[in-house]
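Taking it in order: structure first as structure tokens, then the write-up.
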Amino acid sequence: MGEQVALERRPEVGAPRSARGAYIDGRWWPVEQTLPVHSPATGAVVGEVAVCGVADVDRAVAAARAAYPGWRDAGPEARADALDALLLALRERRDELVDLTVAEVGAPVAVAREAHIDLSLDIVAFYAGLARRGAEVETVANTTIYREPVGVVAAITPWNYPLYQLVIKAAAAMAAGCTVVAKPAELTPLTSLLFAEACTTSGLPPGVFNLVPGRGRQVGSAMVEHPHVDLVSFTGSTQVGSAIAGAAALSVKRVSLELGGKSASVVLPDADLATAVRATVDSAMLNSGQTCSAWTRLLVPAERYDEALGLAADRLDALVVGDPEDEATELGPVISADQATSIEGFLERAAAGGAQVRRGPAYTGLPGHYVAPALVWDVEPDAEIALEEVFGPVLVVQAYTDVDHAVEIANATDYGLAGAVWSASDQAALAVARRMRTGQVDLNGAEFNLAAPFGGVKKSGYGRELGRHGLDEFTEVKAVQA
């Protein structure tokens with residue numbers, strides 16, 4: 001048996017957090033190698049995370065497999081009670097979770113609080129409630145159709161919304177009766193460590209949730225290829241998602257993929273242009289543009305193109321870019337130097353191709369990976385900047401001649417994750433939404449609904465998260481004839 005490693009509690013913002021080990025079967029197991037976690041805003045080391053290996057994955061999957069029968073058979077009430085207790089333990093750590101998100105993601109504190117942590121806690125609460133309702137049973141003639149938990153779930157999460165991406169998978173899977181082995185991103189693992197700590201203090205049965213930090217090529221691959229993993233839930237790049245689907249196919253393992261996006265915000269001629277433009281700019285810039293569902297393309301009628309560009313430029317100039325610990329900051333740094341270089345490369349190639357590029361406020365107050373937000377227009381329909389995901393604070397503005405042309409531009413990319421339509425007519429907005437090849441569309445800035453399924457089509461992946469569909473993703477269908 002491994003030696004339990006104590007975690008430090010409530011570090012100061014920016015102070016290193018020590019957590020050496022893998023969380024397996026309700027305990028912390030030490031590992032030989034660790035990696036520093038750096039602040040994107042300052043470059044300072046803000047924590048340390050274990051680098052697990054294949055043996056750790058084997059141990060974690062074995063723990064999850066051993067815990068599965070008891071968790072599956074515990075019943076809806078017991079699972080709901082456990083998730084409620086986990087929610088309480090997470091709420092007790094809310095301020096620390098916010099601080100860690102600011103430290104490891106560079107998210108502005110207001111964004112970290114609302115879009116990262118409070119939303120994550122709402123998701124845990126939602127799935128606790130759904131667990132209490134139990135699985136739906138359907139009867140068709142002499143057949144009763146049951147939904148049963150799929151088994152051991154491998155959850156592989158990205159760096160952009162670390163806690164949100166973890167709970168959207170783990171809470172739904174555990175509510176369904178599955179057990180979980182999770183791997184956080186190397187760049188932002190700290191909130192997942194605190195989630196594991198909350199699992200212990202909340203009394204979640206050992207083995208129901210396990211955490212194996214490490215590198216994707218070792219830990220992620222071992223999870224995907226493991227014969228005792230029943231389903232892989234992955235969020236990340238299309239390239240990696242494609243490789244995971246290929247590897248999982250060798251063992252006929254189910255996969256759920258939530259991948260990239262290049263979502264369009266379509267402003268119809270009768271829309272409130274000022275409201276639509278501001279909301280689209282804010283969506284494109286949220287979390288420094290590192291949001292897969294961001295509306296990164298603004299499509300406007302040709303006759304209102306110049307007006308829309310002016311409104312977008314005004315909003316861009318008004319953005320507050322700065323220290324993520326400042327409550328007034330709207331845009332912090334991007335995650336890494338490599339990401340900043342990638343974003344600047346997109347903008348340089350766009351300008352070289354004839355596009356117009358306007359930069360918003362730059363920030364030099366901290367030595368981190370800051371990228372001035374950008375507006376790009378006069379782009380060719382087949383330009384890279386119009387079709388590919390940048391994953392940074394960049395909005396492309398395109399003009400259309402009529403509604404058919406708008407739909408054609410909206411559907412022109414290989415992605416189909418999200419989108420928006422703006423119109424004074426709900427029916428006109430809905431008609432365009434129905435023609436867009438994408439997984440989710442907001443009409444006139446509709447409020448986010450965590451009970452609604454979220455997921456993509458085309459190269460944005462398959463499978464759904466959130467809502468009842470997000471829980472069903474972790475179930476198998478069984479038909480019993482009588």
Side-chain angles (χ1 to χ4, degrees), residues 64-65 67-87 119-155 164-182 204-205 207-209 229-235 248 252-258 417-418 434 438-441 446-457 461-482:
R65 186 175 169 84
Y68 171 64
W71 185 245
R72 176 196 62 198
D73 297 338
E77 283 292 333
R79 287 200 292 269
D81 288 346
L83 287 174
D84 279 339
L86 175 60
L87 175 63
L119 184 56
S120 299
L121 300 186
D122 288 346
I123 290 170
V124 177
F126 175 82
Y127 279 114
L130 212 54
R132 199 175 303 282
R133 289 165 53 184
E136 294 181 348
V137 178
E138 182 183 1
T139 301
V140 180
N142 67 326
T143 302
T144 304
I145 302 169
Y146 299 93
R147 283 197 171 271
E148 299 183 342
V150 69
V152 175
V153 171
Y164 172 90
Q165 296 287 356
L166 177 62
V167 303
I168 203 173
K169 300 179 188 302
M174 292 190 291
C178 298
T179 53
V180 176
V181 178
L204 190 74
V208 172
F209 177 81
V229 166
D230 298 290
L231 183 148
V232 178
S233 180
F234 170 77
T235 297
V252 199
K253 188 175 283 134
R254 279 180 52 191
V255 176
S256 177
L257 302 174
E258 199 265 274
L417 188 58
R434 293 294 304 272
T438 190
Q440 189 174 76
V441 184
E447 185 178 354
F448 180 76
N449 178 10
L450 56 80
F454 175 77
V457 300
Y462 44 77
R464 291 295 179 267
E465 296 181 320
L466 291 175
R468 180 88 220 183
H469 292 77
L471 186 147
D472 288 346
E473 197 70 30
F474 298 106
T475 64
E476 298 278 16
V477 174
K478 176 183 285 183
V480 177
Q481 268 85 233

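Numbering of residues begins at 1 and proceeds along the displayed sequence. The shown structure was predicted, so the numbers you read here are calculated from the model rather than taken from an experiment.
Among all heavy-atom pairs drawn from Ala175 and Ala131, the shortest one is CB-CB, 3.8 Å. Residues Thr139 and Thr144 approach most closely at OG1-OG1, 4.3 Å, considering heavy atoms. Residues Ala128 and Leu83 share a closest heavy-atom pair of CB-CB, 3.7 Å. Nearest heavy atoms, Trp71 versus Pro205: CZ3-CD, 3.9 Å. The two residues Ala82 and Leu204 make their nearest non-hydrogen contact at CB-CD1, 4.0 Å. Taking both residues in full, the closest heavy atoms of Phe209 and Met174 are given as CB-SD, 4.1 Å, listed atom of the first, atom of the second, then distance.
To the nearest 0.5 Å, atoms CZ (Phe126) and CD1 (Ile168) are separated by 10.5 Å. The distance from atom CD of Glu258 to atom CD of Gln165, rounded to the nearest 0.5 Å, is 6.0 Å. The distance from atom CD of Glu473 to atom CG of Leu466, rounded to the nearest 0.5 Å, is 11.5 Å. Separating the CG atom in Leu450 from the CD1 atom in Ile123 is a distance of 6.0 Å, to the nearest 0.5 Å. If you take CZ on Arg79 and CG on Leu130, they are separated by 11.0 Å, rounding to the nearest 0.5 Å. Once rounded to the nearest 0.5 Å, the distance linking CZ of Arg464 with CG of Asp472 reads 13.0 Å.
Looking only at distances, a side-chain donor or acceptor of Gln440 sits under 3.5 Å from a matching main-chain atom of Pro453. In this structure a side-chain-to-backbone donor-acceptor pair under 3.5 Å is missing from Arg72 to Gly151. Judged purely by atom type and a 3.5 angstrom limit, Tyr68 uses its side chain to pair as donor or acceptor with the backbone of Pro149. Judged by distance alone, with hydrogens and angles left aside, the side-chain atoms of Tyr127 form a donor-acceptor pair with the main-chain N or O of Gly467 at under 3.5 Å. In terms of modelled atom types and a separation under 3.5 Å, the side chain of Thr438 and the main chain of Leu417 share a donor-acceptor contact.
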**OP:** Could you walk me through whether Phe474 and Ser233 pass side-chain contact (heavy atoms from CB on, under 4.5 Å), step by step?
**Re:** CA-CA 9 Å; Phe474 298 106; Ser233 180; 4.2 Å; yes

Original post:
Stepwise, does the side-chain contact (heavy atoms from CB on, under 4.5 Å) test hold for Leu119 with Phe448?
Top reply: CA-CA 10 Å; Leu119 184 56; Phe448 180 76; 3.8 Å; yes

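Side chains of Tyr146 and Val480 form a contact here, defined as non-hydrogen atoms less than 4.5 Å apart.
Using a cutoff of 4.0 Å between basic side-chain nitrogens and carboxylate oxygens, Arg147 and Glu476 are not scored as salt-bridged.
Taking a 6.0 Å sphere around CZ of Arg132, one finds it holds more than 12 heavy atoms contributed by other residues, nucleotides or ligands.
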